[in-house]
Amino acid sequence: MWLSILYFCFGLALLIWGADMLVDGASKLAQRLRISELVIGLVIVAFGTSMPEFVVSLSASLKDANDIAIANVVGSNIFNLLFILGIAGIIFPMTVNKSIIQVDLPTSVLGALILLGAGLLAPMASSPYTISWGEGLLMLIVFIIYMSYVVIMAMKDRKQSVGTETKHINVWWAIALIIVGLICLVFGGNLLVDNAIELAEYWGMSEKFIGITIVAMGTSLPELATSVVAAVKRKDDIAIANVVGSNVFNILFIIPICSFFNPLTYSVKFNYDIMFLVAASVIFWLFTFKNRQQGRVCSVVLLLLYVLFTIYTVMQG
């Protein structure tokens with residue numbers, strides 16, 4: 001028990017340290033390359049912090065633990081949107097970039113709707129329904145289109161930006177900070193997740209419950225640490241883009257890749273969780289689309305929604 005506590009504390013320290021380095025490195029790289037922090041957050045930071053979800057879901061799918069593979073993605077997206085943005089927004093109210101409201105958040109919702117659409121076919125299937133490479137390919141096409149848009153916007157922003165005062169920033173040092181930060185985030189998160197899963201299995205919890213709560217929360221710890229540190233440092237674009245970009249990556253990249261390696265058996269019980277994710281995304285959009293501000297009222301609502309979701313999940317077992 002004491003060893004587990006020691007691992008937990010060490011993992012937490014690694015998460016905080018890694019997040020600090022990742023945010024600093026990402027911010028420096030954005031300045032040096034004259035690319036917006038929003039793009040860096042959507043691409044480098046979001047992809048990096050989603051690596052634990054990718055590794056866990058792919059490993060679970062290869063072991064035919066399909067409930068964990070899907071629940072990890074859905075649960076992580078709910079945790080990211082409601083808990084992480086809720087905590088970050090309570091620390092400091094944040095300005096939401098127009099691109100997130102108009103493009104990035106709708107893309108993450110579209111991914112959830114595609115997965116839900118596949119799920120709604122499950123009750124009508126004569127045999128256990130699976131998410132095959134066909135549905136996976138559709139999701140991946142949406143992901144490629146979205147990433148193409150992000151890259152085009154990044155190049156456009158770069159051409160429009162001016163100033164040579166950032167030449168003193170060492171680009172290799174910024175990249176080194178990002179890499180070391182990501183390693184610390186992944187390793188620290190794994191320490192926490194591994195111990196949590198062992199305890200949950202010992203207590204006889206279901207695969208879905210473990211996946212959508214403990215594993216999802218554990219693999220989202222890099223996003224939590226990164227967004228909280230970014231909020232404290234008043235890097236709003238990184239804080240929010242990290243969450244929204246991770247959600248896009250989780251559902252439009254991780255699920256397809258898993259389906260390519262091994263078709264995922266889909267349980268209808270995920271329909272309610274995905275519908276909740278879509279509804280929560282719409283609520284966040286309604287709060288922010290007019291004034292482009294995530295205030296503390298919005299943040300409290302997000303946290304309350306997560307509490308309700310957690311209570312529902314616990315009652316379902």
> Of the non-hydrogen atoms in L224 and I84, which two are nearest, and what is the gap between them?
Replying inline: N-CD1, 3.4 Å
>> Parallel, tilted or perpendicular: which one describes the rings of F309 and Y312, with boundaries at 30° and 60°?
In response: tilted
>> On a heavy-atom basis, which atom in N242 and which in S227 lie closest, and how many Å separate them?
In response: ND2-OG, 2.9 Å
>> Assess the residue pair L252 and Y146 against the criterion (side chain to side chain contact (heavy atoms under 4.5 Å, CB included)); give the C-alpha distance rounded to whole Å, side-chain angles, the decisive distance to 0.1 Å, and a yes or no.
In response: CA-CA 10 Å; L252 289 176; Y146 168 73; 5.6 Å; no
>> Looking at every non-hydrogen atom in both residues, tell me the closest pair between I274 and A112 and how far apart they are.
In response: CG2-O, 3.4 Å
> Which atoms form the tightest heavy-atom contact between L81 and L302, and what is the distance?
Replying inline: O-CD1, 3.8 Å
>> Side chains of T313 and Y272, heavy atoms from C-beta outward: is any pair under 4.5 Å?
In response: no
>> Walk me through whether I131 and L115 qualify under side chain to side chain contact (heavy atoms under 4.5 Å, CB included).
In response: CA-CA 8 Å; I131 298 173; L115 183 59; 3.3 Å; yes
> What residue pairs, at least two apart or across chains, pass side chain to side chain donor-acceptor pair (under 3.5 Å) with a residue in residues 247-258?
Replying inline: S50-N250, N77-N250, N80-N247
>> So which atom in A231 and which in A239 form the shortest heavy-atom distance, rounded to 0.1 Å?
In response: N-CB, 4.1 Å
> Which atoms form the tightest heavy-atom contact between L105 and S281, and what is the distance?
Replying inline: CD2-O, 3.8 Å
>> Between L82 and F276, does the side chain to side chain contact (heavy atoms under 4.5 Å, CB included) criterion hold? Intermediate values first, please.
In response: CA-CA 11 Å; L82 298 181; F276 185 86; 3.5 Å; yes
> Would you find a donor on one side and an acceptor on the other, under 3.5 Å apart, between the side chain of W133 and the backbone of P263?
Replying inline: no
> Are side-chain N/O atoms of N262 and S61 paired as donor and acceptor at under 3.5 Å?
Replying inline: no
> In Å and rounded to the nearest 0.5 Å, what is the OG to CD1 distance from S246 to I251?
Replying inline: 12.5 Å
>> The criterion is side-chain contact (heavy atoms from CB on, under 4.5 Å); which residues satisfy it with L110, sequence neighbours excluded?
In response: I114, V142
>> Measuring from atom CD1 of I101 to atom CG of L286, what distance do you get when rounded to the nearest 0.5 angstrom?
In response: 11.0 Å
>> Applying side chain to side chain donor-acceptor pair (under 3.5 Å), can you list everything that pairs with S99, at least two apart in sequence or on another chain?
In response: D104
> CD1/I240 to CE/M94 distance, rounded to the nearest 0.5 angstrom?
Replying inline: 4.0 Å
> Can you name the residues that form a side chain to side chain donor-acceptor pair (under 3.5 Å) with N97, not counting sequence neighbours?
Replying inline: none
Listed pairs under 3.5 Å, donor-acceptor, residues 292-301 side chains, sequence neighbours left out:
residue : atom : partner : partner atom : Å
R292    : NE   : V96     : O            : 3.2
Q293    : NE2  : T95     : OG1          : 3.1
Q294    : NE2  : L85     : O            : 2.7
Q294    : NE2  : S299    : OG           : 3.0
R296    : NE   : I90     : O            : 2.9
R296    : NH2  : I90     : O            : 3.4
R296    : NH2  : I91     : O            : 3.3
S299    : OG   : G295    : O            : 2.9

>> The criterion is side-chain contact (heavy atoms from CB on, under 4.5 Å); which residues satisfy it with L140, sequence neighbours excluded?
In response: F143, I144, F253, P256, F260
> Distance from I145 atom CD1 to T107 atom OG1, nearest 0.5 Å?
Replying inline: 10.0 Å
